[in-house]
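First the structure, in the form of structure tokens, and then the observations on it.
The shown structure was predicted, so the numbers you read here are calculated from the model rather than taken from an experiment.
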Amino acid sequence: MVQTTLPLIQIRMLGTCSITVQDYSLRATDSHSKKLWILFCYMALYRSREIHLTEYIDLLWDKQKSNNPSSALKTLMHRLRKLLEPLNYPIPIILPHHGTYAFNQAIPCNIDVEEFTKQCKESDNWKETEEYELKMRQALILYQGEFIPDGRENNWVSSLNAQYHALYLHAIQAMLDQLICNERYAQAANLCWQALTYAPYEENLHYFLIYSLHLSGSQQAAIVQYNTSRDLFLSRLSKYPSKKFEELYKLITASRNNIETDIELIQESLTEHNPKGTFFCEYEIFKELYRLETRIVKRTQSTIFLCLITITDASNQSYEMLYLKNAILNSLRGCDIFTRYSSSQYLLLIPAPNAELITQIINRIMEHYYSNKANGTIEYAVRQLQG
């Protein structure tokens, strides 16, 4: 009797879960139980060792209590076998084994997380060779998102997800270093865009995207992306990016000017045409202007006030901050300055003869704000600059 070769089972666990044999696939998105897919993936990944019943029970029910966990596991195994039946695999995929259950080791498998881990680790052996970039790209293509995304509440899933995600970011950084070292800045920026799909709040990716745009000569695009990234961190994470990130802004703005001897051209480039409303600026610029105004106050004895406006109890903070920004723009003069300080605060710098006038200005801002049916609560603090 001629023994036929068993068909390969392809298993995906990154970005989605699926099992494919030849042209037929089972997908986790087809309304199957999360526990079934967690169980199957666990058995497939640890198919080379014996798994005790208690290990399955701890995996699936964690700290949850079950009246009869052994019976519940038996039922789940039965359901798993039924789930796999449409694959029409020539031999059983799940086998009873020493009083427990096991993935049939005779079956050839290709599992994306195993290939991803293997290729990431093996690519280190190719450093300083022409093959290195190809190996890295092959590894990165395999990462398609979270590990078992529907099972993220499970401790085992979340732990492995963190490991694979860290491995992916390490590989991305290695690839970025390679591209930037070879002055392939546009490709580095594109790689950052791709990686941000899977790690939208990873500050290092935002940093290298902006840095790559800057190195490629796209200064305006770098500045626009800096502002976009900074606003994202404020609105979603309620925090400013790191000091290193802020230093990047100084770097990309410092390199915008070439040598120019015609002062009229320089003045023209500095001139703001058709200025409208109050002056809104980045916090780093606001900080420098504040320090300048403090020196002016010391010399001229003029009165300038620093105002902090905070929104609390907002149902949708992003929208409320937009309403408040419009209210400030419509309430202040062209000589006044303001900036966004945090996810829920603006800082204002206002020349005024006394604190009473500042109170009137704040009241005017509040009137504009609430006229747009905004529903946050506004709190404010005022302090006079001391020279």
Side-chain angles (χ1 to χ4, degrees), residues 8-21 24-64 66 69 72-73 75-87 89 93-94 100-105 107-121 138-172 194-202:
L8 178 73
I9 291 185
Q10 295 180 312
I11 303 170
R12 281 189 59 188
M13 302 181 189
L14 293 170
T16 187
C17 285
S18 68
I19 310 164
T20 302
V21 177
Y24 188 84
S25 294
L26 293 172
R27 297 179 178 83
T29 51
D30 297 336
S31 302
H32 295 297
S33 164
K34 295 178 185 178
K35 277 188 170 63
L36 281 181
W37 283 93
I38 293 172
L39 175 60
F40 175 80
C41 291
Y42 193 85
M43 296 179 78
L45 282 179
Y46 300 111
R47 62 194 180 280
S48 62
R49 68 176 179 83
E50 189 170 318
I51 303 172
H52 196 270
L53 285 175
T54 56
E55 189 173 336
Y56 285 127
I57 291 168
D58 290 341
L59 165 74
L60 296 168
W61 287 277
D62 202 9
K63 296 179 181 179
Q64 302 171 18
S66 175
L73 177 61
T75 300
L76 202 63
M77 286 291 182
H78 174 74
R79 290 175 56 202
L80 179 57
R81 287 196 182 101
K82 296 293 287 184
L83 169 67
L84 299 174
E85 279 181 1
L87 294 172
Y89 205 77
I93 297 174
I94 306 298
T100 181
Y101 306 92
F103 191 98
N104 193 337
Q105 293 189 44
I107 297 173
C109 291
N110 180 284
I111 303 177
D112 60 351
V113 290
E114 291 182 343
E115 284 298 309
F116 171 66
T117 304
K118 177 185 175 184
Q119 292 199 29
C120 280
K121 292 179 178 178
Q138 288 174 344
L140 292 173
I141 287 172
L142 289 167
Y143 190 88
Q144 296 293 311
E146 284 186 67
F147 174 68
I148 314 182
D150 288 339
R152 60 177 67 93
E153 295 175 359
N154 181 278
N155 286 340
W156 170 71
V157 173
S158 61
S159 176
L160 273 189
N161 180 54
Q163 292 180 41
Y164 294 133
H165 189 69
L167 188 60
Y168 173 71
L169 292 177
H170 176 77
I172 284 289
Q194 294 169 24
L196 284 168
T197 303
Y198 305 122
Y201 307 119
E202 183 64 32

To the nearest 0.5 Å, tell me how far L26 CG sits from T20 OG1.
8.0 Å
From CG (L142) to NZ (K118), nearest 0.5 Å
11.0 Å
Quick check: do E85 and R81 have side-chain heavy atoms less than 4.5 Å from each other?
no
Has S158 got a side-chain atom pairing as donor or acceptor with N155's backbone, closer than 3.5 angstrom?
yes
For the pair R152 (side chain) and P149 (backbone), establish whether a donor and an acceptor sit closer than 3.5 Å, ignoring hydrogens and angles.
yes
For the pair L73 and W61, evaluate side-chain contact (heavy atoms from CB on, under 4.5 Å) and give the outcome as yes or no after the intermediate values.
CA-CA 10 Å; L73 177 61; W61 287 277; 4.2 Å; yes
So L60 and Y42, do their side chains get closer than 4.5 Å, heavy atoms only?
no
Taking the side chain as everything from C-beta on, heavy atoms only, tell me whether F40 gets closer than 4.5 Å to C17.
no
Over all atoms of both residues, closest heavy-atom pair of Y46 and L160:
OH-CD1, 4.1 Å
Over all atoms of both residues, closest heavy-atom pair of R27 and S18:
CG-CB, 4.1 Å
Y56 vs M77 side-chain heavy atoms within contact, under 4.5 Å
yes
Determine the minimum heavy-atom distance between A44 and M13, stating which atoms define it.
CB-CE, 4.2 Å
Between the main-chain N or O of L59 and the side-chain N or O of N154, is there a donor-acceptor pair closer than 3.5 Å?
yes
Checking N110 side chain against Q10 main chain: does a donor-acceptor pair fall under 3.5 Å?
no
Look at the side chain of Y164 and the backbone N and O of L14, then say whether any donor-acceptor pair between them is shorter than 3.5 Å.
no
Any side-chain heavy atom of D112 sitting closer than 4.5 Å to one from Y143?
no
Value rounded to 0.5 Å, distance of CZ in F103 from CD1 in I11:
4.5 Å
What distance separates E202 CD from H165 NE2, expressed to the nearest 0.5 Å?
6.0 Å
Taking L76's backbone N and O only, do any of them form a donor-acceptor pair with R79's side chain (distance below 3.5 Å, no angle check)?
no
For T16, is there any backbone N or O sitting under 3.5 Å from a side-chain donor or acceptor partner on Q144?
no
Q194 backbone acceptor or donor facing T197 side chain under 3.5 Å
yes
Does a side-chain heavy-atom distance below 4.5 Å link Y89 with N104?
no
Rounded distance (nearest 0.5 Å) linking atom CD1 of I38 with atom CH2 of W156
7.5 Å
Answer whether the closest heavy-atom distance between the side chains of H52 and T100 falls below 4.5 Å.
no
Test I148 against N161 for side-chain contact (heavy atoms from CB on, under 4.5 Å), laying out the working first.
CA-CA 8 Å; I148 314 182; N161 180 54; over 6 Å; no
Would you give the length of the straight line joining atom SG of C109 to atom CD of E114, rounded to the nearest 0.5 angstrom?
7.5 Å
Which pair of heavy atoms, one from I19 and one from I9, lies closest together, and at what distance?
CG2-CG2, 3.7 Å
Do the rings of Y168 and F116 sit parallel, tilted or perpendicular, given the 30° and 60° boundaries?
tilted
Heavy-atom check, side chain of I51 versus side chain of Y101, under 4.5 Å
no
